[in-house]
Amino acid sequence: MATKAVTDASFKSDVIEADKPVLVDFWADWCGPCKMIAPALEEISDELEGKVEIVKMDIMENPDVPGQMGVQSIPYLALFSGGKVVAHQMGAAPKNALKNWLESNL
């Protein structure tokens, strides 16, 4: 299952009201580390299908939600469960580290 894009307008329905955990990747096109972790997140999305949904939010096109959450550095990963952030991580990491972090917080 590939990652999907969410927007300020769809954030509530796609993330807050989701019936399973959702990992939000806050990113921007100009962010090199964001581009580095993107393929790993795609693979993790496939490997953990059914357990978690991974979505991407472009902070340049959608400034409202990142602003409300206080996102100041990207990549910024926030794991939501039951409409609340249950874990977060800043910066790029290798795929195995990202997957281990995510699984330990599910």
Side-chain angles (χ1 to χ4, degrees):
M1 183 171 153
T3 59
K4 76 174 192 176
V6 295
T7 64
D8 285 334
S10 72
F11 191 81
K12 183 177 178 190
S13 61
D14 288 340
V15 177
I16 303 299
E17 296 173 349
D19 58 359
K20 64 182 169 187
V22 180
L23 178 68
V24 181
D25 172 22
F26 293 94
W27 73 287
D29 190 49
W30 49 261
C31 171
C34 298
K35 291 180 179 181
M36 286 174 42
I37 67 169
L41 292 176
E42 292 289 338
E43 291 175 17
I44 294 168
S45 179
D46 290 337
E47 294 168 8
L48 297 181
E49 186 172 355
K51 294 182 183 176
V52 63
E53 184 171 2
I54 300 178
V55 301
K56 299 176 73 67
M57 176 172 262
D58 185 330
I59 66 164
M60 300 306 289
E61 294 179 10
N62 303 282
D64 294 346
V65 170
Q68 292 166 5
M69 290 186 56
V71 175
Q72 296 182 356
S73 181
I74 55 173
Y76 181 81
L77 303 174
L79 179 62
F80 286 79
S81 184
K84 296 185 175 15
V85 176
V86 295
H88 58 88
Q89 177 172 312
M90 221 179 328
K95 177 189 170 190
N96 62 343
L98 292 171
K99 187 175 180 185
N100 289 340
W101 170 80
L102 180 56
E103 288 180 317
S104 71
N105 287 290
L106 285 176

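Note that this is a predicted model, so its numbers are computed, not measured. Start at 1 with the first residue, then count along the sequence.
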Under 3.5 Å, side-chain donor or acceptor atoms of residues 85-106 against the rest of the protein: list the pairs with distances, not counting sequence neighbours.
residue: Lys95; atom: NZ; partner: Glu43; partner atom: OE1; Å: 2.9
residue: Lys95; atom: NZ; partner: Glu47; partner atom: OE2; Å: 2.6
residue: Lys99; atom: NZ; partner: Glu47; partner atom: OE1; Å: 2.8
residue: Asn100; atom: ND2; partner: Asn96; partner atom: O; Å: 3.2
residue: Ser104; atom: OG; partner: Asn100; partner atom: O; Å: 3.3
residue: Ser104; atom: OG; partner: Trp101; partner atom: O; Å: 2.8
residue: Asn105; atom: ND2; partner: Trp101; partner atom: O; Å: 2.7

remark   = To the nearest 0.5 Å, atom CG of Asp8 lies from atom CD1 of Ile59 at 11.0 Å

message = Would you compute the distance between atom CG of Asp58 and atom OG1 of Thr7 and round it to the nearest 0.5 angstrom?
response = 11.0 Å

inquiry  = Side-chain heavy atoms nearer than 4.5 Å, only ILVMFWY residues, links allowed to pass through others: does that put Leu77 and Ile44 together?
reply    = yes

message = Is there a continuous path of hydrophobic side-chain contacts, each under 4.5 Å between heavy atoms, that joins Met60 to Tyr76?
response = yes

task = Enter the distance from Leu41:CG to Asp46:CG here, rounded to the nearest 0.5 Å.
result = 11.5 Å

ask   = Closest heavy-atom contact between Pro75 and Pro33?
value = CD-CB, 3.7 Å

task = Look up atom OG in Ser45 and atom CG in Leu23, then write down how far apart they are to the nearest 0.5 Å.
result = 9.5 Å

Val52 vs Leu79, side chain to side chain contact (heavy atoms under 4.5 Å, CB included): CA-CA, chis, key distance, verdict = CA-CA 9 Å; Val52 63; Leu79 179 62; 4.1 Å; yes

ask   = Is Met57 reachable from Met69 through a run of I, L, V, M, F, W or Y residues, each pair having side-chain heavy atoms under 4.5 Å apart?
value = yes

request  = Report yes or no: do Ile54 and Ile37 belong to one cluster of Ile/Leu/Val/Met/Phe/Trp/Tyr joined by side chain heavy-atom distances under 4.5 Å?
outcome  = yes

hydrophobic_cluster_shared for Val15 and Phe26, side chain cutoff 4.5 Å = yes

query = What do the steps show when you test Asp64 against Phe11 for side chain to side chain contact (heavy atoms under 4.5 Å, CB included), and what is the final call?
reply = CA-CA 10 Å; Asp64 294 346; Phe11 191 81; over 6 Å; no

message = Please check this pair: side chain of Asp14 against backbone of Val6, looking for a donor-acceptor N/O pair closer than 3.5 Å.
response = no

query = Counting only N and O atoms by type, is there a donor-acceptor contact under 3.5 Å from the side chain of Lys12 to the main-chain atoms of Glu17?
reply = no

